[in-house]
Amino acid sequence: MDKNLIKKDEYIKQDIISLLKLSDKAAIKELYEHADQVKEDYMGKIIHVRAILEFSNHCCRNCLYCGIRKSNEKIKRYRIEPDEIIKYALKAEDLGFKTLILQSGEDYYYTAEMLEKIIRTIKNNTSLKLTLSIGERTWIEYEKLKLAGTDRFLLKHETSDPLLYRQLHPDMKYSNRIKCLRDLKSLGYQTGSGIMVGLPGQTLESIANDILLFKTLDIDMIGIGPYIPHPDTPLASKFERSGGYFIPAIGHFDLEELIYKVIAITRIVTKKTHLPATTGFNVLSDNDIREKALQRGANVIMLNITDSDLREFYEIYPAKKELAAKNAETLQGLAEKHKDFQFL
Ligand code: 5AD
């Protein structure tokens with residue numbers, strides 16, 4: 001490996017692929033340390049703690065990997081009504097949060113007009129920053145929601161490989177996903193995207209393209225998480241696990257390490273972005289992987305404030321149930337344990 005690759009000013013695609021393939025322990029450590037330094041240089045030491053409310057698990061989409069896909073009849077569906085969503089927001093502010101993420105499946109029960117009202121009411125009664133994560137809408141709707149006061153919007157592109165995107169998302173178009181992201185940017189949203197790592201059919205080259213796309217689109221927030229097979233989805237049967245993760249295009253690999261590398265490289269390439277350590281990490285192993293991610297480039301942590309009786313139904317991947325219980329305790333512990341954690 002080129003000795004100076006890690007510290008290069010700008011990575012080209014081939015550099016990223018080489019870094020994703022790194023196997024030398026000392027070199028990997030150097031990559032993580034560099035990412036941590038870039039995070040500190042551009043974002044400071046602070047870890048942002050944000051609240052997330054999963055207000056509906058209804059979804060009109062049928063993404064092959066996702067536990068709340070429309071065709072999964074095994075889960076109980078719920079919706080939190082607008083008045084209740086507003087109460088949650090007030091509670092989030094009382095708990096000390098400064099940011100609330102409102103997330104749901106792609107659920108058109110909530111019309112733009114309904115969402116506008118919810119957002120206006122929350123913005124008029126709290127000083128919370130509001131993030132929406134509700135899937136694809138039209139320019140006109142995104143515009144309405146922005147004018148109502150929404151600050152940020154999350155819409156992961158999941159994979160930048162158009163063919164894989166099509167295979168995983170029946171009746172969705174990769175080109176529309178990217179159009180939505182461009183629309184959100186043009187409308188002035190702080191815009192978030194993200195990917196899953198370890199998808200069957202994914203290649204290191206496509207991950208390198210994902211990282212470069214974050215930069216090309218000038219994405220502000222980037223959620224990188226492991227793909228976790230969900231037994232009630234069509235994709236689960238395609239996934240093979242034998243002494244680590246195996247994906248034909250990549251071979252055997254350690255998913256935990258691959259994720260850290262993707263986060264670290266994304267931090268180095270995108271510099272001034274918000275990178276959450278997503279809950280999916282903790283499913284990978286018993287160690288607190290999220291904490292490790294925070295030392296390798298990530299700078300945001302999201303805590304679920306949805307009432308515990310509903311949380312288990314927002315099962316996009318298995319084991320989220322147990323995680324949900326842990327999440328609430330974390331809130332108390334966090335501020336005491338880490339002086340760098342702040343509600344922002
Ligand atoms: N594993 C990991 N992440 C998943 N998501 C959905 N299903 C899975 C899964 N099986 C993530 C996707 C999507 C969000 C709703 O949850 O990134 O954007």
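Every heavy atom of this structure was used, including side-chain atoms; hydrogens, water molecules and symmetry mates were not. For ligands, and for the atoms within them, numbers begin at 1 and follow the listed sequence.
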Is it true that [X] and [Y] have a side-chain N and a carboxylate O under 4.0 angstrom from each other?
X      : Y      : result
Glu136 : Arg177 : yes
Lys29  : Glu33  : yes
Asp183 : Lys179 : yes

In the structure I gave you, are the side-chain heavy atoms of Lys129 and Lys98 within less than 4.5 Å of one another anywhere?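 No, their side chains stay 4.5 Å or more apart.
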Do Phe55 and Tyr88 make the cut of ring centroids closer than 6.0 angstrom?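 They do not qualify: ring centres at least 6.0 Å apart.
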Aromatic centroids of His169 and Tyr65 separated by under 6.0 Å: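 Yes, close enough.
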Residue shell around ligand 1, heavy atom under 4.0 angstrom: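 Near ligand 1, by chain and number: Tyr65, Cys66, Lys156, Glu158, Met196, Pro226, Tyr227, Ile228, Ile316, Tyr317.
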